[in-house]
Structures are given as structure tokens and as C-alpha cells.
Amino acid sequence: QVLRKGLQRGLVLSTGSFLVYEAHKLICGFAEVHASFKVEEVIEQADYLYGSGETEKLYRLLVQHKNSDDAELLWRLARASRDLAQLSSTSAEEKRRLAYEALEYAKKALEKNETNFAAHKWYGICLSDVGDFEGIKTKIGNAFVIKEHFQRAIELNPKDATTIHLIGIWCYSFAEMPWYQRKIAATLFATPPTSTFQE
């Protein structure tokens, strides 16, 4: 009888534990669905604001999610930070801060998803912007990395016209580089970046 009562009690406890576990799983499942739905909602809102040219509103919306693990949100935040920096109403000090901030968000997007073509594209763009504040040596040194990220973005999405255009600008910039800048580049780097008009 003691044994039977013990077994019954064990059965009730394990049934209770099982039900609690199943309820927990269900709640977690709902939370995950809700979280992903929320991300999609924010992205949809962000894309609408971007299309409407609402740069400041877009930045305010996305900066609330700066600690997100979602690469899609993060590269959009990098783009929004950069776009805000490009506005004529943004002070020089603020432009600099936003340029570095944009680079950090693009870097984080890459860390979260290395196969996201837009993360590579915006990392390249933001790295180029930061070079404007760091002098010729850093700018030329970054050029190698920028090209690599643009090429990787094209590998991941060969139909993205913006990236193809950007790599065209990269090639054009180095093809038309004046001789004295080439001379400086050659003293700074054993093999400075080069390109041709044909390329």
C-alpha cells in the first residue's frame, strides 16, 4: 500500500512536471513567434520610412534595436546612421560620430550573419566613410578590405545593382588616381591598390 501510494504520488508529480514543461515550451514558442514577427514588423516599417526619405524617423526607429542580434535590422541601422551623417543639417562633429557608429553596426551585422550580402555592402561603404577622417594611409589601406567586401556582396547577390556600381566607382577611383598619389601609395604600401578603366 505504501509502495502503491508512492507510485501514485510519483505519477501525479511527473504528470504535473510534464504539464508544466509543455506549458513552458508553448509559452517559449509563442515568445519566439512574437519576437520574429516584431522584427519583421520593424523591418517593414523601416523600409517604408527609407522609401519615404524619412531619415531622422528611420534612425530613431532603428536605434532602439541597436542591441539586436538580427543582421537585417543592424545593416539597416548602419545605413540609417550613415544617411543621417550625410544630411547638410548634421554638424561636423555629429557626422564623424555617426560615421563610426554606422561602421560598428555594419560590423555587428556581419558578425551575426556572414552570408548577408547587404551587411558586406554597408560594411564596405561605412569603412570608406571612416577613412575620410583617418588620413590617406588608412584610406588606401582600407581600400583593399572595401573591395573584398564589395566582391563578397556580389558573390552573395550578383543582381544587386548598387554593389556592382560601387565596385565600378572603386575601380574608376584607382584607375584615374593622379601620378603623385600613386607615388605616395607606393611608398606606403608594397603593392598599392590599382585598377583600369576597362575593369
Side-chain angles (χ1 to χ4, degrees), residues 23-134 138-139 142 145-167 169-170:
H24 173 72
K25 258 182 27 180
L26 195 63
I27 290 163
C28 287
F30 279 136
E32 279 172 28
V33 169
H34 178 70
S36 65
F37 175 73
K38 190 181 175 192
V39 165
E40 284 166 24
E41 207 175 73
V42 172
I43 288 171
E44 198 178 314
Q45 236 181 314
D47 289 348
Y48 173 77
L49 289 170
Y50 181 73
S52 307
E54 297 278 3
T55 307
E56 290 175 31
K57 279 184 188 173
L58 175 61
Y59 176 79
R60 283 198 300 271
L61 168 72
L62 290 173
V63 82
Q64 297 171 61
H65 305 279
K66 64 182 180 182
N67 297 319
S68 171
D69 287 335
D70 194 287
E72 288 291 327
L73 275 176
L74 292 165
W75 74 253
R76 281 173 172 82
L77 177 54
R79 181 181 66 183
S81 303
R82 182 189 187 266
D83 286 352
L84 194 58
Q86 301 289 313
L87 294 179
S88 56
S89 56
T90 306
S91 70
E93 191 183 322
E94 196 67 358
K95 280 180 192 292
R96 185 186 174 95
R97 184 189 68 77
L98 285 163
Y100 282 93
E101 190 179 291
L103 181 63
E104 279 309 303
Y105 296 138
K107 186 180 176 184
K108 194 176 170 190
L110 269 181
E111 286 166 4
K112 298 299 174 189
N113 185 356
E114 206 277 331
T115 60
N116 186 303
F117 90 93
H120 282 280
K121 173 169 77 175
W122 286 98
Y123 183 79
I125 293 168
C126 295
L127 189 59
S128 176
D129 288 348
V130 163
D132 294 338
F133 299 103
E134 298 198 350
T138 303
K139 197 159 179 68
N142 286 349
V145 184
I146 291 163
K147 189 180 185 185
E148 278 171 26
H149 282 282
F150 288 163
Q151 285 172 327
R152 182 72 179 124
I154 291 168
E155 279 170 28
L156 293 165
N157 184 0
K159 293 182 178 180
D160 184 58
T162 313
T163 316
I164 295 165
H165 178 69
L166 287 167
I167 207 158
I169 290 171
W170 189 100

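Remember, predicted model here, so these are calculated numbers, not experimental data.
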Can you tell me how far apart NZ (K38) and CG (L73) are? Round to the nearest 0.5 Å.
10.0 Å
Ignoring hydrogens and angles, write down the donor-acceptor pairs under 3.5 Å from the side chains of residues 43-52, residues two or more places apart or on other chains.
| residue | atom | partner | partner atom | Å |
| --- | --- | --- | --- | --- |
| D47 | OD1 | R76 | NE | 2.8 |
| D47 | OD2 | R76 | NH2 | 3.2 |
| S52 | OG | Y48 | O | 2.8 |

Name each donor-acceptor pair under 3.5 Å that joins a side chain in residues 57-66 to protein atoms two or more places apart or in another chain, with its distance.
| residue | atom | partner | partner atom | Å |
| --- | --- | --- | --- | --- |
| Y59 | OH | E101 | OE2 | 2.6 |
| Q64 | NE2 | R60 | O | 3.1 |

Please work out which of the three classes, parallel, tilted or perpendicular, describes the rings of F133 and Y100, given edges at 30° and 60°.
tilted
With a 4.0 Å cut-off on N to O distance, would you call E94 and R97 a salt bridge?
yes
Quick one, K112 with D70, criterion side chain to side chain contact (heavy atoms under 4.5 Å, CB included). Give me CA distance, side-chain angles, the key distance, then yes/no.
CA-CA 7 Å; K112 298 299 174 189; D70 194 287; over 6 Å; no
Which residues share a ring-ring contact (aromatic ring centres under 6.0 Å, His included) with H149, sequence neighbours left out
H120, Y123
Given E155 and R152, is the salt bridge (charged side-chain N to carboxylate O under 4.0 Å, His left out) satisfied, shown in steps?
CA-CA 5 Å; E155 279 170 28; R152 182 72 179 124; 3.2 Å; yes
Here the pair of heavy atoms bringing N113 nearest to A71 is CB-CB, 3.6 Å
Inter-residue atom distance T162.OG1 - K121.NZ, 0.5 Å rounding:
4.0 Å
Report the distance from atom CG of N67 to atom CG of L74, rounding to the nearest 0.5 Å.
9.0 Å
Main chain of S128, side chain of K139: is a donor-acceptor contact present, judged purely on distance under 3.5 Å?
yes
How long is the straight-line distance from CD1 of I167 back to CZ of F150, given to the nearest 0.5 Å?
7.5 Å
Going by the rule salt bridge (charged side-chain N to carboxylate O under 4.0 Å, His left out), which residues pair with K95 if we only count those two or more places apart in sequence or in a different chain?
none
Does anything in residues 78-92 form a side chain to side chain donor-acceptor pair (under 3.5 Å)? List the pairs, not counting sequence neighbours.
R82-D129
Spatial distance of atom CD (Q151) from atom OG1 (T163) [nearest 0.5 Å]
11.5 Å
Nearest 0.5 Å, what's the NZ-CD distance between K107 and E104?
5.5 Å
N142: partners by side-chain contact (heavy atoms from CB on, under 4.5 Å), with sequence neighbours left out
L127, T138, I146
